[in-house]
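Reviewing the structure listed below.
What you see below is based on every heavy atom in this structure, not just the backbone, and it leaves out hydrogens, waters and symmetry mates. Read the numbers this way: they start at 1 and go in the same order the structure lists the ligands and their atoms. Counting from 1, the numbers follow the sequence of the chain as shown.
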Amino acid sequence: MSKKLLVLNASPRSGGNCDVLCDEFISGAVDGGNKSEIINLRDKNINYCLGCLVCQSSGGVCAHNDDMSEVLDKMISSDVIVLATPVYFYSMCAQLKTLMDRTFAKYTQVKNKKFCLMSTAADNNDSAFDGTIQGFRNFLYCLSGSEEAGIILAGGVYEIGEIKNHKALEQAYKAGKNI
Ligand SMILES: Cc1cc2nc3c(=O)[nH]c(=O)nc-3n(C[C@H](O)[C@H](O)[C@H](O)COP(=O)(O)O)c2cc1C
């Protein structure tokens, strides 16, 4: 059955390595007959969570009136959510963490989803991704019925374009096709 996939790309660098990974994933998803959408978070205005808890007493309406409500509703209506982030200081980038924090308004509705993580780093050691993977898993731990459906890592890529021919591209394509 056709699934609804949402790719949330947190890289601030247009045309960078995460962009290429996301493109491969989406090409696989299209070939696999799935409906997919990508949102580049750099194109959205998403403010930091204020921790004010207004959302908890307002039926999920955040104190910020920005683009997150639209993104969150798309997360809720998706079957599969792909999170893409570069490694920054051995963790996920701030744009992805900000998105995670802002799901708080309706996080109980982000349930029974499959999640994939795609990440890039200059460091070529697998351990370079430990902090990012842990943060991803911590997020899933908070979301009811979430399933870790795949982790795709591209190490050893620093400059734009260095991801060309990386084995992670084939993995991203296959993950999109077979999800
Ligand atoms: C602020 C910043 C912090 C970074 N920190 C790390 C790091 O801790 N470890 C690492 O291996 N690469 C680090 N990098 C390199 C990026 O992870 C790498 O260039 C990645 O391919 C960028 O992906 P993008 O092109 O999708 O933005 C850092 C880059 C920036 C700009």
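Listed by first and then second residue, the ring pair (Phe, Tyr, Trp, His ring centres under 6.0 Å) pairs involving residues 76-112 are Phe104-Tyr107 (not counting sequence neighbours).
Checked by atom type and distance alone, the side chain of His64 pairs as donor or acceptor with a backbone atom of Tyr48 at under 3.5 Å.
Note: the hydrophobic cluster containing Leu6 does not contain Met118 (ILVMFWY, side chain heavy atoms under 4.5 Å, direct or indirect links).
Ligand 1 is surrounded by Ser11, Arg13, Gly16, Asn17, Cys18, Pro86, Val87, Tyr88, Phe89, Tyr90, Thr120, Ala121, Ala122, Asp123, Val157, Tyr158, each with at least one heavy atom closer than 4.0 Å.
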| task | Please lay out, stage by stage, how Asp67 and Asn45 fare under the test side-chain hydrogen bond (donor to acceptor under 3.5 Å, both in side chains). | result | CA-CA 5 Å; Asp67 293 333; Asn45 175 29; 5.3 Å; no

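Rounded to the nearest 0.5 Å, atoms CG (Asn47) and CZ (Arg102) are 6.0 Å apart. To the nearest 0.5 Å, the span separating CG on Asp130 from OG on Ser91 amounts to 11.0 Å.
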